[in-house]
Each structure stands twice: as C-alpha cells, then as structure tokens.
Protein chains: 2
Amino acid sequence: MAVTIKDVAQLANVAPSTVSRVIANNPRISEKTKVRVREAMEKLGYHPNFIARSLANQSTQILGLVMPGSSETFFNNPTFATILRGLSEGARERKYSLLMNTGNSDEEIFEGVVEMVQGGMVDGIILMYSRMNDHTITYLQSRNFPFVLIGKPYEFAEEITYVDNDNYLAAKEATNYLLDLGHKKVGFIGGHSKLVMTHDRLLGYEGALKEHGIVPRNDYIFYEEALREEMHEVMQNLLSLSEVPTALVVHDDLMALSIMNNLRSLGCLTPEHMSIVSLNNTLFSEISLSSFTSIDTNMYHTGYQAARCLVQKLASPGERIQSAIIPHHFVERDSCQRVQAEMLV
Amino acid sequence: MAVTIKDVAQLANVAPSTVSRVIANNPRISEKTKVRVREAMEKLGYHPNFIARSLANQSTQILGLVMPGSSETFFNNPTFATILRGLSEGARERKYSLLMNTGNSDEEIFEGVVEMVQGGMVDGIILMYSRMNDHTITYLQSRNFPFVLIGKPYEFAEEITYVDNDNYLAAKEATNYLLDLGHKKVGFIGGHSKLVMTHDRLLGYEGALKEHGIVPRNDYIFYEEALREEMHEVMQNLLSLSEVPTALVVHDDLMALSIMNNLRSLGCLTPEHMSIVSLNNTLFSEISLSSFTSIDTNMYHTGYQAARCLVQKLASPGERIQSAIIPHHFVERDSCQRVQAEMLV
DNA sequence: TTGAAAGCGCTAACAC
DNA sequence: GTGTTAGCGCTTTCAA
C-alpha cells in the first residue's frame with residue numbers, strides 16, 4: 001500500500017502524532033523536528049490520505065453540487081457552464097473540491113443528496129437552481145445541513161442563504177426598455193415554469209406593462225418546456241395571432257438565438273419585425289457571437305459567490321451568512337428597434 | 001452524531017459485523033435476521049457512512065475529472081458541457097460520482113491530480129483532453145493508477161486506454177467535401193495548437209489537400225490561441241491576402257459561429273463568399289440554432305464511453321481495456337456553396 | 001449463521 | 001515538545 005504517517009514517523013524517529021502535528025503545522029513542535037519530519041515525508045513521497053483524515057475530522061473539504069432534474073437541459077445551457085466555472089473558482093480558492101450529483105429524475109437526485117449528506121461525503125451543498133416546493137430544501141433544513149441556494153428561495157427566504165440576481169428588476173428593465181422604444185405588444189418567453197427565477201421575471205415583466213397601462217395577455221407568455229419540443233409551432237401560432245407582438249423578452253441568449261432563427265425562417269426578422277431582449281448574457285457576448293441586446297446577470301460571479309458563501313458558512317457554523325444579490329447590467333446591442341409607424345396599427 | 005452501524009446493531013440485537021453483512025447482502029445471513037436488521041435501519045433512518053466505508057475498502061466510488069489548464073476557455077465551450085453530461089451519465093449508471101479538479105495553471109492542476117491520487121480520494125481518473133508531452137499522463141502511468149484519456153494519446157497509444165474520434169478522418173472528410181464543391185483555397189482554423197486533436201485534424205486537412213494536388217499554405221492555417229484575443233484582426237488579414245480562401249474547415253461550432261459573424265462584419269458572407277464546415281457539432285445543432293454544415297463528433301457519447309471504460313477498468317484491474325473510437329458523421333446544412341465561376345479566378 | 005476483534009490512516013485528548 | 005492511546009464508522013478475517 002501507499003506510504004502512511006507511520007512510515008514517516010518511523011523514518012523520522014518520532015511518533016505518528018508528531019507527524020500529524022507537523023502536517024497541521026502545529027506551533028508547539030520544535031523547528032528541528034519539523035525539518036526532520038518534512039525531510040522524511042519528502043524522502044518517502046508521503047501524501048496524507050484524505051479519506052482517513054476525513055473520517056477522523058468528520059469533514060471532507062468537499063462541496064456537493066445539485067443540479068435540477070432535467071440535467072440534460074441544464075447541461076446544454078451555457079449558463080450552467082458559467083455558474084460551474086464560478087463555483088469551481090470559489091471552491092478552489094478555499095481548497096474545497098466539488099462533487100457532482102446527477103440523476104435522471106427528481107427522485108434519483110433527491111436520493112443522491114441524501115447519500116451525500118448522510119454518507120458524510122460532503123461538508124455542504126450547493127443547489128444550482130431554485131424551484132417551487134422543493135423537497136430537497138426541506139430535507140436539508142430539517143437536518144440543519146449547511147447549504148446555499150442559487151436563486152431566490154420560494155419560501156423561508158429569511159432562513160436560507162442564497163445568491164441570486166434581482167430577477168424582478170432585470171425583467172422589468174428589459175421590458176421597460178422595449179416599452180420606451182414604443183413597443184406596445186411585448187411577449188415574454190420564460191424559462192422552466194417551476195423555477196422561481198421564471199416566476200420573478202414574469203412579475204417584473206408584468207409590473208412594467210402595468211405601469212405603462214398595458215394589460216398582460218396570456219397568449220403572449222410562454223415557458224421553456226413548451227418551446228423545447230415544438231418551438232416552431234409555437235412561433236407560428238405567435239405570428240398568426242390577430243395582434244402579433246413586436247417585441248419579446250426572452251429568458252436567455254440561447255433561447256433568444258433559437259427563437260430568432262425560427263422566426264427568421266418564418267419571414268419575421270430581428271430587429272426589423274421583432275425586437276428581442278435576452279436575459280442571462282453568457283458566453284455569446286463574451287466572444288461576440290451574437291449581437292443581442294441583453295441583460296447580463298453575471299452568472300460567473302453568482303457561482304463564485306455561492307461557493308464563497310457556503311465556505312464561509314462552514315467556517316463559522318451557527319452564524320447567519322448574508323445572502324447576496326448579484327447586480328445585473330444592461331448591455332445594448334442591436335436586436336431591438338424603435339417601433340415603426342406601420343407597426344403601430 | 002449521525003446514526004451508525006452500532007446503533008442499528010444494538011437495536012436489532014446483533015453484532016455490527018452482522019449489520020455490515022446485511023448491507024452487503026451477504027447470502028450467509030439468515031433471512032430472518034436480515035429482515036430484523038433492515039427494520040432497525042429503517043426505524044433509525046440509517047445511511048452508511050461513505051468515508052468510513054471508503055477507508056475500510058480502500059476505494060471511494062469516485063472518479064476524478066481533470067480539465068485542461070485553460071479551464072476558463074474550456075468551461076465556456078459547449079463541447080465541455082456535452083462531454084461532462086456523457087461522463088456524468090456513464091458514471092451515474094455504475095454508481096460512481098464525479099469529483100472535479102480545477103486549477104489556474106498546469107502546475108496547480110497537476111498538484112490537484114497528485115492529491116486526488118495519493119490522497120486516495122478517487123478510484124480512477126478521466127483526463128478530459130489530450131495534450132502533447134503531458135506531465136500528468138507520465139505520472140499516472142508511473143504509479144500505475146487507472147485512468148482514461150479523452151482524445152488520442154500523443155505517445156504510448158498501446159498502453160493507454162482512450163476514447164477518441166477519428167479526428168484525422170473527420171477533418172479529411174470535411175476538407176474533401178469542400179474540395180468536391182470546387183474550392184481550391186481552403187483554410188484551416190484549429191483548436192489549441194498543443195492539443196493532439198488539433199494536430200490530427202491538421203493532418204487530415206493537409207492529407208485531403210495533397211490528395212487533390214494542392215499544397216497546404218501556412219497563411220491559411222490558424223490556431224485557437226491566436227484567435228481568442230484578436231479574431232477580428234486575423235480575419236482582416238485573411239481577407240486581405242492576395243488569394244483569399246473561399247472556404248474554411250473550423251475546429252468547432254462556437255468558433256465557426258464567431259468567425260462567421262466576424263467575417264460578415266467585414267462584408268464577407270457565408271456561404272456566398274465563404275463556405276464553412278465545422279467539426280464538433282454540439283448543442284447548436286441540437287436546438288437547431290445555426291445551420292452549419294458540420295461533422296458531429298458525438299461528444300456526449302465520447303464522455304459516456306470514457307466513464308464506462310474507466311469503470312470497467314476498475315472492475316477488472318490488470319485486464320487491458322479496449323480503447324474506443326467514437327464514430328462521427330457528416331451533417332449537411334447550408335453554410336457551404338459550390339464554388340462560383342467568378343471565385344475561380 | 002453469527003460474534004469478537006483487528007485494522008484502514010489519521011487526529012486529538014491526555015499524559016509526561 | 002513529544003509520545004500514548006482511543007477513537008472516527010466500516011469491513012473482514014478468524015473463531016465459535
């Protein structure tokens with residue numbers, strides 16, 4: 001087997017506990033022995049065994065990642081990679097690793113969380129999404145297990161540490177921007193309808209409309225699950241409404257691009273016939289892929305901050321860790337157009 | 001603390017070892033005690049402790065993931081997410097978890113691998129990239145530690161289990177397609193120049209040219225690192241060559257889209273003025289985002305297969321596990337055009 | 001078919 | 001300052 005603390009102790013002529021103290025850089029060990037022990041470690045190529053240490057410490061230096069049920073969808077969305085990059089950096093800085101838990105159904109995912117938690121595999125958990133009535137949250141709360149939520153909690157916002165954007169405001173700003181360009185018929189393409197994020201954004205969208213004296217229309221509102229399968233049909237229906245929208249607020253860049261292509265194939269051009277503002281500005285803007293007017297929700301920083309919050313929580317258990325709202329900012333490009341006279345019919 | 005095997009043993013009136021056997025479903029335990037023990041587990045809400053089990057078993061059921069140095073670049077590329085999704089599924093099916101190791105420099109990443117391996121954190125390792133002269137591979141080989149490489153090994157291909165596409169052939173087919181459309185001036189936009197994948201594809205590209213009696217030109221060949229910072233400049237230079245290419249073979253969809261946009265802003269349209277074939281058909285095609293003619297290298301399956309191979313390797317140590325070549329296939333869409341008379345000048 | 005006990009590699013309380 | 005010892009929670013010989 002591999003070289004252990006005992007081997008080092010023997011070579012350095014000390015007790016295993018002394019070696020352990022040297023590893024922890026315990027100040028009560030004399031410099032002389034420290035040097036001797038370190039030489040022995042070097043010589044033998046010793047590396048501490050994480051598992052044994054974890055067992056003794058009751059802590060693994062690992063954070064568990066929980067993704068939403070439809071992991072296929074999630075993985076395919078650039079937002080995911082961006083959050084993950086932030087998480088990874090935030091964890092790495094504090095010497096934590098990330099363990100991924102995936103599953104093909106909510107049940108499987110929940111089981112995975114239970115195993116992670118009760119199995120002692122992770123010190124804390126990051127929920128990469130916020131959904132209404134989430135089983136997992138209730139479970140973690142009931143066990144008083146440290147976790148951080150990415151997205152706003154549906155309930156118990158006071159008791160949960162979370163990292164989120166101000167989705168209400170972001171959607172409202174996006175909608176206002178379109179309204180200010182003279183659009184009266186503005187549609188909303190949301191993310192998954194069970195996500196709190198979608199819910200908040202819808203409220204922001206509707207809020208903006210109402211403040212402009214416009215009544216929200218249900219036939220202008222769509223969710224991701226409807227679009228995933230039959231985007232083309234939905235777009236066709238949209239364009240055959242008696243009052244076709246002239247602008248859309250869209251959940252993310254990916255959907256926006258997809259919608260734009262679909263509309264184009266139906267003869268509806270962006271921005272000439274349809275203005276589009278997307279939320280969650282991700283890699284597309286970074287590499288100047290598209291030229292969407294977009295609200296950058298800074299997902300990298302969201303992930304980064306989530307990791308930081310969780311680590312902090314682990315460092316000072318019991319203490320209430322402040323939730324964080326990551327600021328968004330508006331990025332104007334050229335997927336929108338001031339409304340034309342003929343569109344005002 | 002949490003409920004342990006001892007608590008269960010006590011409640012069920014058996015020895016801890018018996019409980020352990022029940023967990024392992026040891027056939028030598030009578031059905032009667034099994035039932036009694038399981039009832040006790042149920043009643044107490046017992047879940048085995050992974051760490052303790054790992055220590056006793058000298059195995060963690062965790063696979064370590066190693067990403068290329070420039071993790072920022074990598075994370076932003078949809079290819080990454082797709083491979084990851086495949087890995088995740090392949091691992092999950094066999095009850096393995098994935099542990100991510102990231103770092104901001106090659107040195108940091110290597111250190112991370114050493115810690116994972118010597119620290120006993122993982123049972124095996126997946127290298128998500130193949131680079132020339134990779135330190136990490138030498139290390140893993142020297143310790144005889146199980147690992148699988150995604151991409152073709154630069155050396156020792158016989159001794160290493162790897163999962164790859166036939167990148168040579170893929171690039172050759174892409175190039176041939178363009179040549180068959182009448183293009184004579186075909187450029188190559190590669191990935192990172194140190195990646196074996198890039199190297200192989202370049203060979204395929206050059207091979208196709210040579211078979212058509214065309215001499216490859218260095219000023220038609222570019223690598224990712226050059227483009228990342230100054231894509232616009234590079235494209236400008238390309239267009240101001242005395243003999244401007246009429247077609248490009250591009251490393252992936254993301255770059256292709258980016259290049260297309262850049263060229264368009266310079267007045268060079270796809271496919272009218274420039275035909276483009278991309279490799280690594282990823283999410284873009286899945287959601288019909290773009291209409292690139294592309295070679296689908298099936299990265300999901302690549303990741304999936306890599307996980308499977310590694311798991312198999314762990315199951316039968318010593319045995320030589322067959323490397324896998326994941327087939328690619330050509331997807332014709334509309335980013336290419338038969339060469340026009342006037343372009344043949 | 002089951003129990004007792006040793007041990008996986010490390011840490012930490014207690015002793016000197 | 002350093003050694004001794006008893007766990008951390010589980011598996012696995014060896015005995016019975």
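Labels below follow one simple rule: chain letters A, B, ... track the order of the sequence lines, proteins then strands, and each chain is numbered from 1. On a predicted model such as this, the values are computed, not experimentally measured, just so you know.
The phosphate of C:dA12 has OP1 or OP2 within less than 4.0 Å of a side-chain N or O from A:Asn57. At the phosphate of D:dC8, neither OP1 nor OP2 sits under 4.0 Å from any side-chain N or O atom of A:Ser54. For the OP1/OP2 pair of D:dG9 and a distance below 4.0 Å, the side-chain nitrogens and oxygens of A:Gln58 include at least one atom meeting the criterion.
The main-chain N or O of B:Val148 is never found under 3.5 Å from a side-chain atom of B:Thr161 such that the two would form a donor-acceptor pair. Between the side chain of B:Glu89 and the main chain of B:Tyr304, no donor-acceptor pair closer than 3.5 Å is present.
In terms of polar N and O atoms assigned as donor or acceptor, the side chain of B:Arg21 comes within less than 3.5 Å of the base of D:dT13 in a complementary pairing. One can find a donor-acceptor pair under 3.5 Å joining the base of D:dT4 and the side-chain atoms of A:Ser17.
Across D:dT11, D:dT12, D:dG3, the shortest atom-to-atom separation from the side chain of B:Arg53 is found for D:dT11. Of the listed nucleotides (C:dG3, C:dC10, C:dT1), C:dC10 has the atom at the smallest distance from the side chain of A:Ile5. Among C:dC8, D:dC10, C:dC10, the nucleotide with an atom closest to any side-chain atom of A:Ala56 is C:dC10. Of the candidate nucleotides C:dT11, C:dT2, D:dG3, C:dT11 has the atom nearest to the side chain of A:Ser20.
For B:Asn133 and B:Lys194, the side-chain atoms include no donor-acceptor pair closer than 3.5 Å.
Residue B:Thr33 is in sugar-phosphate contact alone, with no base atom involved, counting any heavy-atom pair closer than 4.0 Å across all strands shown.
For A:Leu11, the side-chain contact (heavy atoms from CB on, under 4.5 Å) partners at least two apart in sequence or on another chain are A:Ala40, A:Lys43, A:Leu44.
Closest-nucleotide positions on DNA chain D for B:Asn49 and B:Arg28 were compared, and the one nearer the 5' end corresponds to B:Asn49.
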